[in-house]
Each structure stands twice: as structure tokens, then as C-alpha cells.
Amino acid sequence: MSYVPIKRPKFSFLDKIYVVELVKGLIITFKHLALSLMGKSRSKKDFNGKGVGACMPFPEQRWDAHLPEYYRGAPTLVRGEDGRERCVSCQLCEFICPARAITVTPGPVAEGSGLEKQEKAPAEFEIDMLRCIYCGMCQEVCPEQAIFLSKEYLITLTDRKDAIRNKAQLYKLGGTRKGLVNKWNQYK
Amino acid sequence: MSKKPALLPKDEAAAEGKVNVQINGKWYRFPKGTRIADACNSVGVHVPCFCYHPKLSVAGSCRMCLVEQGMPPRLAPGATPTYNEDGYQTIQWMPRAIIACANTVAENMGIRTDGKLCTEARRGVLEFLLTNHPLDCPICDQAGECKLQEYTSDYGSGTHRFTESKTKKGKNLSIGPRVNLDQERCVLCRRCVRFMKEIVGEEVLGVVGRGTHNAISCYPGTQLDSNYSMNVVDLCPVGALTSKDFRFKMRVWFLKSTPTIDVNCGTGTNINIWTREQKVYRITPRQNDEVNSCWMPDSHRLNYKYINAPERILTPLVKTDAKAPQRPSTWDATLNLVVEQLHKCAPVEVAIIASARMTNEELYMARALARQLGVTKFDIVPRKGENDGMLISEDRNPNSNGAKLILNKTGAGLATIRRGVKNGSIRSLIVLGEDVTQEAGIPAEDLAELDYLLVMAHSENATTKAADVVLPGVTFAEKYGTMINVAGRIQRLNKAIEPLGEARSEWSIMRELTELLGCDCPRVIACPSPMMILEEMALEFEPMKGLTWGNIGNEGKVILDTGVTIPLIEREKSKK
Ligand code: SF4
Ligand code: FES
């Protein structure tokens, strides 16, 4: 069978005029209004709010400490504990990126950099933050554990050109990450 | 009750010179002597192969192609075979798998690739091949078109049990001017060794070391520098041999391949152009057993850089005054200006130099233009070189036969034009797709003496620099068209990228120019595409009769009997 008939609920007259539900909703709203006017709103402590109610005076005050472990902010490139820039420019993130935000220009490693085993590293790596949708696919697809979504969510631009982050900026934002698989050393 | 025995399938097949083979439960008929691997692949049953290549001798060394095989039971003396109701004997399956590349099909043979035996054989072979494989796919240029990757994901086990450290071999070794070798990635199929020995005839590569230290290497004191060396890159099923030119340029999964033909010589080698967006990244040969087999020369393969070079002319250029520099202009303004200027020239003082590097469609339009102008001094530039005894023809023009057929020109009139330019009897010159300071032998000083020089070209050169007007054309990667190779085969060029900048395909420039000059012949001005021009030509030229873009196909069609052969193809045929 190609379709499944859906059983629709039967509505009574009271349901149909929806005044009851409307009033129910308003009661909740007024309850919160009353609570916040009394200075007893929920999450008051978390927001550390000075003002009335549950509003946080952003950007002076931030929600950052409450971001969950899995929060997906701006993607960044990371170095390993050995200080090696981890990206080898395999371009899988560029391929997987649904928003086509990533552009990798592959190239050989710099001569005399001691990375002869790795052979390949991006000549340039650009992420267009106006295109990025913070989906995290790049982090998931990366075979080198080189790209991670940071907790940075506050990206304010005054120029479209500034939206494109280059390799140097991305490595700076990413910093060093501990506990990653150690690859491309003399043993491998 | 006696019934006349019906003809058995084996007799029917034998009458056609074929044999019956059961593949995964279904019966097929193949010519005698077909390899099992080819037979299976031809009916859509995939047999993975590393070392087997239809154009090389069989090595049977990788064992990737193991299949389960069975034959009818051997009869006791005096016994007669029994046949089931379909007329086949029962198959007795062998307890061990055999390699499909080195064995040929036989009557009533059975092949199974979906059984437990075959599955396990493949998994086992892959596990062994991967014991020492470096697994550096993220930095390997072959990733995405690597047989080892493909087979491992199709038939491999996903994990492996070897915890010992891997054998170390040479990585990133330069074994020739254009090829890199990574011995760790090699699966020792020896395709490269056999190619150099059997096709090129230079035994440069060999296997050294024993056991797990086996590795491909050049013989001491030699390097892989043949003009056909890059074919081993295509042949290598893994990333052991990679191209220096393509090294770390782009991952192959981003590239789109367009089947077309090479334009560096008269052979018209069939190729694929690999592009991403508007950029050409590499060229690889495309199999055509009548033209280039599976190979192509490195010199032709690497001659694509000019397509995306900064020398490309991207807008029409116009010199408003004899001394003034060339300035970019728009198409409309430029063409109108050209028409105005051409109307001022006396036809006897005008010469046209066309090119045998143009497609048939462009030559047809060039002829229309010449007729419209009433110009009789009209020829192409011949280009001769040395035949390398393999694929490179001595005719370095890709479409000399087209020029001969459509324009009836072979370059014999070029000397007259050259003299005319020198002694001043030719005051205006129209150059279509050539740099006349090169092979045509018209020095730049003589060009400077001309009253009017109109040039159509895709890239800047000495001729365009001297021109009064430059019309930007396109390279072979940006256009559709047909060419006739030295052996008389008409083949298609396909567009791989859009014309760069404001460049336009030459046929359309010439069509518009002819129309603006006042031509009203519908057979010229009403042509909306190269495909339609081809149909017009099919009506006019006897050898092209009945040709359409569709029926030329990807392999081309022989339309002329030129008597010229391609040495490599002749050798290949004589081997069979
Ligand atoms: S280098 Fe490539 S083609 Fe040559 S033996 Fe090794 S895997 Fe085969
Ligand atoms: S393909 Fe048959 S053994 Fe290698």
C-alpha cells in the first residue's frame, strides 16, 4: 500500500472556537510576567540578570558558560600536541560541505619543514562564514582530526570580505588540541 | 519410442564458434578463447582485477580475480554424457578458486562469484595486500579512483588482524621527469613493468628485493623518461605511480570528465578532459582501439596549460589608430567596425590564412567568409614533424584532412601569400587561428607593413600583437566540432568548459561576420550550432553523406580512405 490514511481527531465545539486554549496560553504568559516582576523568574541565577525578569543583557553578559559540550560554533583548524598543523588538504570537508563554504587549495608541504612523511598540506584553506551553516559535517568527515567546530558563535562583520577566514586565522582560532591520533611521524 | 535428439546447446554454440558458460546460475554464450574475467565483465558480473589489463600480457600475480569454477564430471570409460532438460551437463564445482584473468572459458563451464568461496578468497587477498599498505589515502592522489580502495570497500573486511609493524619502503621517489613512485602503496601487479616492456619497448622498470621487500624500481642508471611514461600512472591501479604534473592539484572526485579528442597531431588521440568549474586539471587517454588503444604521449597530455593561461585573450581588442595600443571592446562594436573596414579593402589585396587546427565546422564557416569577401588568396598552414613510430603522426595539424576536404587546401598557396605580404601586393591579411610568425614564416616586420590585420586567436602571440583587431576565439576544450584524423576517421570534440571571458567559438564569430558582410545564404547564416553545420556539410560533401553529430559516436567513423595507418595500432593488431 502506498499511502496510509491518517485518522484525524474529532473536535468538539469548544475546541473549534479555541478560546479555551488561548486563555490557557495567556495564563502561562501572565504567570511568567508576575514571577519576573517579583524577581523570581526561572534561570535568574544563570543569567545573572541585573534587570527585570529573564532577559540577559547581551553582549555585556554571556551565556557561554552554559554552552553544552556538543555546541556547534565556527569551524577551526587545530594543531596536535606535537605542534603539527593537522590538515593534509584531502579536501573531504570541501566535498561534504553542504553550503560550499570551504575552499581548500592543496599543495605540497613546505620544504625543510620536517613533514616529509605527510607530503601534503593546504596551501590555503578558506571558510566563508557567511555560507557556513554550522552543521559539523566537516568535523565528522575529517580523517585527520584537523577541523573542529569551536564554541564561537558571535561573528560580527562589517565587510563581506572579512567573512572569509584563511588558513592562518583558522589555525589561530583552533589552537592546540590534546588526545588526537598521532599520525605521519617516522613510525607510520 | 524413438525421438530425434534436438540440437544440444553445445552444438548450437559450436556452430557459431562459441561455448556455453554458466555465470552465477545463468547461461551465456561467449566466443572460444574469451578470458573468464572478460566474459564475466561483459555480462555485468564484476570480477575485480589488479594485474590483468586487456592490452598487456597476463601476469596472474595479484590473485584478486579468484572465482569459483566447475566443469562437467569426467566420464568413466565408455560412459555417455547425460544432459538435463535444458541440454546442459551437471557442473561439478572445484573445491579451490581459480584466477579469472589467466583462464579461458570452456564448454559447459560454470563460474560463481557470489558464493562463499569467492567472497572469502577476495577478502583474504585484500587482507594480505593491506598488511603493508600505508593507508595514506588522505594524501594520495589516486584516492577516489583507486582499485584498492574500491575493492576494499566492496569486498574487504573492514578490519585487519595484523598488528605487526609495516614494512618500510621508499616513498615519494622521483623515478622520471614526470612520474613519482611510492613503493609502499604498490600492490606489485607489474602492469607498469609489462607496459614499458611490451608497449614502449624500453625495459626501465623492474621488481627488486625479495618477499615483503619486493618493490618496483628503475634499473640502475636509468629513469622512466619515455614520452609514454605517464601511461603507467593511468595503468597503476593504486597510487604507487602518480603524475608529477597532477600531484596535489585536485582530488579526482571534484573533476568532471568530458570525452573529446587531442588536437596536437593528426592522430586525434581520444582523451578525457578533467575539469572543475572553469579550469582544466588533467588529460587522460580514452580507449579507442582504432586510434590510440589505451595510451597517449606525455607531450600531448601535458599540453593543456595554455587553456587557463594568463595569455588568453578574453575580450575583443581593437586598435583605433595605427600607432595606438589595442583596447578592449565589445563584440557588437568590434564586428561592426570589422565589417566597415573589410568593405574598404579590395578583394585582390586581401589574403586569408586559416588553420588546419580548426574543426570542420569552422573551416566551413571560413570558406563562407572567404567567398563572401571574394578572396581567392586563401590557404592553411601545413605543419610537419617526425612520426615517433607510436602514436604521434608526422602531420602536426589535427585536421589536415578536413581542410583538404572542405577547403581543398593543403598549404600549397601559402608561399604566394607570404611573398605577397613581403612585396606589398597583399595589403590586408585575415588570420584565423594561427600565429603566422611561426610555421607560416611571415616575420613580424612584414606584418607591421600591412594596412590591415584581422586576427582571430585564443591566446596572445606575435601575430595578435601586430593586429588591428583581435577576435578572441576558444581552445579545443571550449568548443564542439569535428575533425578528420590522418587515417580518415571523423571524430568529435566536446566542450568541457564554457568559453573563458567573452571569448566565443570561432564558427559563431565567422558566421556573424559573414552575415554582417551581407551574406544571405541560409545554408550559412541560419546555422545555429556546429551540429547543424555538420548536417549542412553532410549534404554537400560526398564522404560526409549521412553523418550527424549523433551517429559519429564517441569512437568516430571512418569516412576517407587515406591509406595512412597508426604504427602502434598496427602493432597491436598484428599481435592478435
Ligand atoms: S607501481 Fe602500480 S602498476 Fe607498477 S606494480 Fe606497483 S601497483 Fe602495479
Ligand atoms: S587479475 Fe587475475 S591474478 Fe591479477
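To find a chain, count down the sequence lines: A is the first, B the second, and so on, and within it residues start at 1. Worth knowing before you read on, the calculation uses all heavy atoms, side chains too, and leaves out hydrogens, waters and symmetry mates. Every value quoted in this text rests on a predicted model; they were computed, and no experiment measured them.
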Practice item. Step through the shown structure and confirm whether more than 12 heavy atoms of other residues, nucleotides or ligands are within 6.0 Å of NZ on Lys305(B). Key: yes

Exercise for review: Assess whether atom NZ of Lys151(A) is packed by more than 12 heavy atoms of other residues, nucleotides or ligands within 6.0 Å.
Suggested key: yes

Check your understanding: For the atom pair CD (Glu116(A)) and CG (Asn172(B)), what is the distance rounded to the nearest 0.5 Å?
Key -> 9.5 Å

Exercise for review: Check the surroundings of atom CG in Leu26(A): do more than 12 heavy atoms from other residues, nucleotides or ligands lie under 6.0 Å from it?
Suggested key: yes

Exercise for review: Count the heavy atoms belonging to other residues, nucleotides or ligands that lie under 6.0 Å from CD of Glu111(A), then report whether that count exceeds 12.
Suggested key: no

Check your understanding: Is the CZ atom of Phe162(B) crowded by more than 12 outside heavy atoms at less than 6.0 Å?
Key -> yes

**Study point:** Neighbour count above 12 (heavy atom, 6.0 Å) for Phe58(A) CZ
**Key:** yes

**Study point:** Rounded distance [0.5 Å steps], OG in Ser89(A) versus CE in Met250(B)
**Key:** 10.0 Å

Exercise for review: Tell me, yes or no, whether the heavy-atom count around Tyr306(B) atom OH, taken from other residues, nucleotides or ligands under 6.0 Å, exceeds 12.
Suggested key: yes

Point to revise | Inter-residue atom distance Asp141(B).CG - Lys120(A).NZ, 0.5 Å rounding | key: 5.5 Å

Review point. Does Arg251(B) reach the side chain of Cys90(A), with side-chain heavy atoms less than 4.5 Å apart?
Key: yes

Review point. Quick one: what part of Glu119(A) sits under 4.5 Å from any heavy atom of chain B, side chain, backbone, both or neither?
Key: both

Point to revise | Heavy-atom proximity to chain B below 4.5 Å, by part of Glu94(A) | key: both

Exercise for review: Let me know if Pro143(A) has heavy atoms under 4.5 Å from chain B in its side chain, its backbone, both or neither.
Suggested key: side chain

Point to revise | Proximal component of Pro138(B), with respect to chain A [non-hydrogen, under 4.5 Å] | key: both

Check your understanding: Is there side-chain contact between Leu92(A) and Trp253(B), with heavy atoms separated by less than 4.5 Å?
Key -> yes

Check your understanding: Does any non-hydrogen side-chain atom of Phe254(B) lie less than 4.5 Å from one of Gln91(A)?
Key -> yes

